[in-house]
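Quantities reported herein were computed from a predicted structural model and do not represent experimental measurements.
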Amino acid sequence: MPGITPSQTVGPFYAYGLTPNGKYAWNDAFTNNLLTPDVTGDKIRIEGVIYDGDGKVVPDAVLEIWQADAQGRFADPQDTRGLPNSSFKGFGRSGTTDAGEYSFDTIKPGAVPGHDGKPQAPHIVMAVFGRGMTMQSMTRIYFDDEAATASDAVMNLVPADRRATIIAKKTAPGVYRFDIHLQGDNETVFFDV
């Protein structure tokens, strides 16, 4: 009928075009394994589950991370300091499994300078893409075994009772747990960037 707009939805098309090592024949440009042969620093694994507002797992989300290397340097032309890890790009992408699980194998980042020149606590920036989300949600992953987290300027912008939602907890040597809650009582803090 003329004048009627067909209904449309946002996704879930992420798995086909964006996730590495998926079920589809695809030349994977990005992966959830950021480790390179020349990487230095503490190798870590970040793993978790994504939940929706009803507490159900999200089986078709995509997560992207961006981080500095162990010396606090970014693989970015604007960071003019020398990169001892010339192959380490600091960018990774992971899709969730049917159980809502994701993981990244990477290195623990070093402190990076903030806008005021003071060091920021080691952290990883994460973007969450999902069905029904017209824009990605941005958060940070801090580490529970980093003393600098308590004095980080960005962390201190977050209400004290919500800070735990952006802190990854060490569960084993080199393994951190970071669950994401898109809505609800335990909603992860997302930043308006």
Side-chain angles (χ1 to χ4, degrees), residues 7-24 26 28 30-34 43-67 90-109 120-146 149-150 152 154-193:
S7 74
Q8 297 181 10
T9 185
V10 177
F13 306 116
Y14 297 111
Y16 178 75
L18 297 176
T19 58
N21 307 316
K23 305 172 200 166
Y24 307 98
W26 184 258
D28 298 325
F30 301 103
T31 178
N32 65 335
N33 186 346
L34 285 67
K43 294 177 183 176
I44 63 169
R45 181 176 184 83
I46 300 170
E47 56 189 24
V49 176
I50 301 180
Y51 298 96
D52 67 15
D54 294 325
K56 295 182 178 151
V57 300
V58 179
D60 54 2
V62 170
L63 300 127
E64 292 180 348
I65 61 171
W66 186 55
Q67 70 172 86
F91 178 82
R93 182 179 284 154
S94 176
T96 54
T97 66
D98 289 342
E101 299 167 334
Y102 75 92
S103 66
F104 289 98
D105 293 306
T106 186
I107 57 170
K108 196 167 193 188
Q120 297 181 30
H123 67 276
I124 296 174
V125 175
M126 176 181 272
V128 180
F129 300 83
R131 172 177 14 118
M133 297 171 67
T134 56
M135 291 184 61
Q136 76 275 14
S137 292
M138 303 294 294
T139 191
R140 282 186 171 199
I141 302 171
Y142 289 94
F143 301 93
D144 69 347
D145 58 351
E146 285 289 339
T149 297
D152 183 82
V154 175
M155 174 63 84
N156 285 306
L157 295 173
V158 177
D161 63 333
R162 306 257 343 267
R163 292 179 187 162
T165 69
I166 57 174
I167 298 176
K169 292 162 184 60
K170 193 170 194 175
T171 58
V175 180
Y176 293 86
R177 178 83 182 192
F178 187 74
D179 289 339
I180 300 162
H181 297 265
L182 297 176
Q183 294 177 319
D185 293 337
N186 297 318
E187 180 179 351
T188 300
V189 169
F190 295 105
F191 296 94
D192 186 16
V193 192

Under a 3.5 Å distance rule, please check whether [X] uses its side chain to pair with a backbone N or O of [Y] as donor and acceptor.
X: Asp179; Y: Val49; answer: yes
X: Arg131; Y: Asp60; answer: no
X: Asp52; Y: Asp54; answer: yes
X: Arg140; Y: Ile166; answer: no
X: Thr96; Y: Pro59; answer: yes
X: Arg163; Y: Ala150; answer: no

If you take all heavy atoms of [X] and [Y], which pair is closest and at what distance?
X: Tyr102; Y: Ser94; value: CB-OG, 3.7 Å
X: Pro109; Y: His123; value: CG-O, 3.4 Å
X: His181; Y: Phe190; value: O-CE1, 3.8 Å
X: Thr188; Y: Ile180; value: OG1-CA, 3.4 Å
X: Thr171; Y: Arg177; value: CG2-CB, 3.6 Å

(message) In the structure I gave you, are the side-chain heavy atoms of Lys170 and Phe143 within less than 4.5 Å of one another anywhere?
(response) no

(message) Taking the side chain as everything from C-beta on, heavy atoms only, tell me whether Gln136 gets closer than 4.5 Å to Glu64.
(response) no

Rounded to the nearest 0.5 Å, what separates atom [atom1] in [X] from atom [atom2] in [Y]?
X: Phe104; Y: Arg45; atom1: CZ; atom2: CZ; answer: 10.5 Å
X: Phe178; Y: Thr139; atom1: CZ; atom2: OG1; answer: 4.5 Å
X: Ile46; Y: Ile65; atom1: CD1; atom2: CD1; answer: 5.5 Å
X: Met135; Y: Phe129; atom1: CE; atom2: CZ; answer: 9.5 Å
X: Leu157; Y: Asp152; atom1: CG; atom2: CG; answer: 8.5 Å
X: Ile167; Y: Thr149; atom1: CD1; atom2: OG1; answer: 6.0 Å

(message) Just to verify, which of Val125, Ile141, Ile107 counts as forming a side chain to side chain contact (heavy atoms under 4.5 Å, CB included) with Gln67?
(response) Ile107

(request) Take Tyr51 and Val57 through the side-chain contact (heavy atoms from CB on, under 4.5 Å) test and state the conclusion after the steps. (result) CA-CA 4 Å; Tyr51 298 96; Val57 300; 4.0 Å; yes

(message) Run the side-chain contact (heavy atoms from CB on, under 4.5 Å) test on Glu187 and Arg162 for me, step by step, so that the C-alpha distance in whole Å, both residues' side-chain angles and the decisive distance to 0.1 Å come before the verdict.
(response) CA-CA 8 Å; Glu187 180 179 351; Arg162 306 257 343 267; 4.0 Å; yes

(message) A quick test of your reading: do over 12 heavy atoms of other residues, nucleotides or ligands sit less than 6.0 Å from NZ of Lys43?
(response) no

